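In what follows, a structure is listed as structure tokens, so that the remarks can point back to it.
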Amino acid sequence: ADPIIVHPDVRRNLMDQKSFVEGARALVYWGSTMLDRGHRLGDKDAEDMMSLLTPVIKGFLTDKGFETCVNAQQTLGGSGFTREWGLEQFVRDARIAMIYEGTNGVQALDLVGRKLGMNGGKTVMAFFEMVKTFIKENEGHAELKADFLDPLKAATKDLQGAGMYFMAEGMKNPNNALAGSYDFMHLFGHVALGLMWAKMAKASFAALEGGAADVEFYTTKLATGRYYMARPLKMTGTHLARIQSGGDTVMALEAASF
């Protein structure tokens with residue numbers, strides 16, 4: 001019999017886990033530098049950026065972190081459900097992270113209801129400008145552009161499209177924005193991880209082109225990043241479509257019907 005690692009679906013499961021965890025770790029580290037700049041250097045823009053991203057980091061990462069633990073459990077089949085492998089403990093431990101600082105639904109409402117309008121919308125526009133600048137400055141590298149920057153640009157357009165929908169429809173009916181807040185948090189999270197993967201890819205290409213000794217590390221990093229950009233990042237289109245469906249179907253039932 002073959003080991004399960006030869007099966008594409010097992011590989012998909014593992015790559016979902018690996019590409020998320022490495023991207024999420026990078027986002028937390030990057031966010032920490034924003035906190036340091038705010039606290040130690042008095043950088044108000046960095047502090048505001050971290051304030052914008054806080055519900056994304058709290059909500060998106062804990063949602064996907066729990067999902068990743070369940071996927072790890074799934075990889076081992078029935079054995080993953082037993083105590084001897086330890087995964088069931090990780091699943092139970094990860095579950096609390098989605099509720100213990102306010103449910104992730106509240107984090108999403110904070111993102112859409114408060115953070116998008118922070119500083120008159122200047123902070124979220126600064127995020128878009130930061131992504132745009134990074135893409136423009138690095139699109140001369142053909143492989144980086146094709147595999148990382150072009151997918152990031154497309155995902156960012158989905159995020160901007162969601163913001164435009166909220167401005168156009170949320171004023172008419174707040175439920176149109178609030179019903180899409182959870183999807184927006186995840187859409188934003190994917191774009192943020194896409195940016196982290198693009199940054200890591202830039203560093204990896206530079207290291208390999210500079211003759212780095214640890215070739216396997218950087219080639220593995222690039223392969224993992226390409227997976228994220230080609231598959232998980234494409235969820236931004238799904239989240240945008242769900243947001244643009246509005247709030248009518250969400251609010252259609254009377255309370256007693258639940």
Side-chain angles (χ1 to χ4, degrees), residues 12-13 15-28 30-31 49-72 91 94-118 123-124 127-128 131 151-167 169-170 175-198 225 227-247 249-250:
R12 173 201 57 78
N13 198 330
M15 289 298 283
D16 279 347
Q17 297 169 51
K18 182 175 176 62
S19 64
F20 166 73
V21 168
E22 293 184 18
R25 186 182 295 126
L27 180 59
V28 171
W30 181 75
M49 184 63 68
M50 189 56 197
S51 182
L52 170 68
L53 291 172
T54 291
V56 177
I57 291 174
K58 283 185 175 181
F60 177 68
L61 296 194
T62 56
D63 271 353
K64 300 298 288 186
F66 174 72
E67 179 184 313
T68 296
C69 287
V70 173
N71 285 342
V91 171
R95 186 62 184 85
I96 189 64
M98 300 159 70
I99 57 178
Y100 74 166
E101 285 195 40
T103 68
N104 284 353
V106 172
Q107 301 293 344
L109 292 176
D110 176 54
L111 175 62
V112 171
R114 293 176 61 232
K115 300 299 175 63
L116 287 186
M118 186 171 61
T123 304
V124 71
F127 177 84
F128 288 134
V131 176
L152 176 60
K153 182 185 293 186
T156 304
K157 286 182 179 179
D158 288 339
L159 184 61
Q160 290 173 318
M164 291 174 64
Y165 173 83
F166 288 155
M167 287 191 296
E169 301 297 329
N175 287 337
N176 285 331
L178 299 179
S181 61
Y182 207 87
D183 278 284
F184 185 80
M185 180 178 70
H186 276 245
L187 201 170
F188 207 142
H190 279 298
V191 172
L193 259 64
L195 176 61
M196 294 303 104
W197 272 116
Y227 177 88
Y228 192 87
M229 306 307 277
R231 294 180 70 99
L233 187 62
K234 294 299 190 290
M235 283 299 297
T236 59
T238 298
H239 289 303
L240 175 60
R242 285 163 55 98
I243 289 166
Q244 291 175 334
S245 72
T249 56
V250 175

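As the structure is a prediction and not an experimental result, all values here were calculated from the model. FYI, the numbering just counts along the sequence from 1.
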Would you compute the distance between atom [atom1] of [X] and atom [atom2] of [Y] and round it to the nearest 0.5 angstrom?
X: Thr236; Y: Asp183; atom1: OG1; atom2: CG; result: 11.5 Å
X: Leu52; Y: Lys115; atom1: CG; atom2: NZ; result: 7.5 Å
X: Arg231; Y: Asp16; atom1: CZ; atom2: CG; result: 7.0 Å
X: Lys18; Y: Asn13; atom1: NZ; atom2: CG; result: 14.0 Å
X: Glu67; Y: Gln17; atom1: CD; atom2: CD; result: 9.5 Å
X: Leu27; Y: Leu53; atom1: CG; atom2: CG; result: 6.5 Å

message: Within a 6.0 Å radius of atom CE on Met164, are there more than 12 heavy atoms belonging to other residues, nucleotides or ligands?
response: no

query: Would the number of heavy atoms belonging to other residues, nucleotides or ligands and lying under 6.0 Å from CZ of Arg242 be above 12?
result: no

Side chains of [X] and [Y] in contact at under 4.5 Å (non-hydrogen atoms):
X: Arg12; Y: Met15; value: no
X: Pro232; Y: Tyr227; value: yes
X: Thr123; Y: Ser51; value: no
X: Leu240; Y: Tyr165; value: no

message: Evaluate Met50 against Ile57 for side-chain contact (heavy atoms from CB on, under 4.5 Å), listing each step before the verdict.
response: CA-CA 9 Å; Met50 189 56 197; Ile57 291 174; 3.6 Å; yes

- prompt: How about Asn104 and Thr62: does a side-chain donor come under 3.5 Å of a side-chain acceptor?
  reply: yes

What are the two closest heavy atoms between [X] and [Y], and how far apart are they?
X: Leu159; Y: Phe127; answer: CD2-CE2, 4.2 Å
X: Lys234; Y: Met229; answer: NZ-O, 3.0 Å
X: Val250; Y: Ala179; answer: CG2-CB, 3.9 Å

field: Exam field: side chain Thr103 to backbone Ile99, donor-acceptor pair closer than 3.5 Å
entry: no

message: I'd like to know if Glu22 pairs up with Arg25 as an ion pair, taking the criterion as any Lys NZ or Arg NE/NH1/NH2 lying under 4.0 Å from an Asp or Glu carboxylate oxygen.
response: no

From Asn176, Ile243, Leu178, residue fulfilling side chain to side chain contact (heavy atoms under 4.5 Å, CB included) relative to Phe166: Ile243

Listed pairs under 3.5 Å, donor-acceptor, residues 184-198 side chains, sequence neighbours left out:
{"residue": "His186", "atom": "NE2", "partner": "Asp63", "partner atom": "OD2", "Å": "2.8"}
{"residue": "His190", "atom": "ND1", "partner": "Tyr228", "partner atom": "OH", "Å": "2.7"}
{"residue": "Trp197", "atom": "NE1", "partner": "Ser19", "partner atom": "O", "Å": "3.0"}

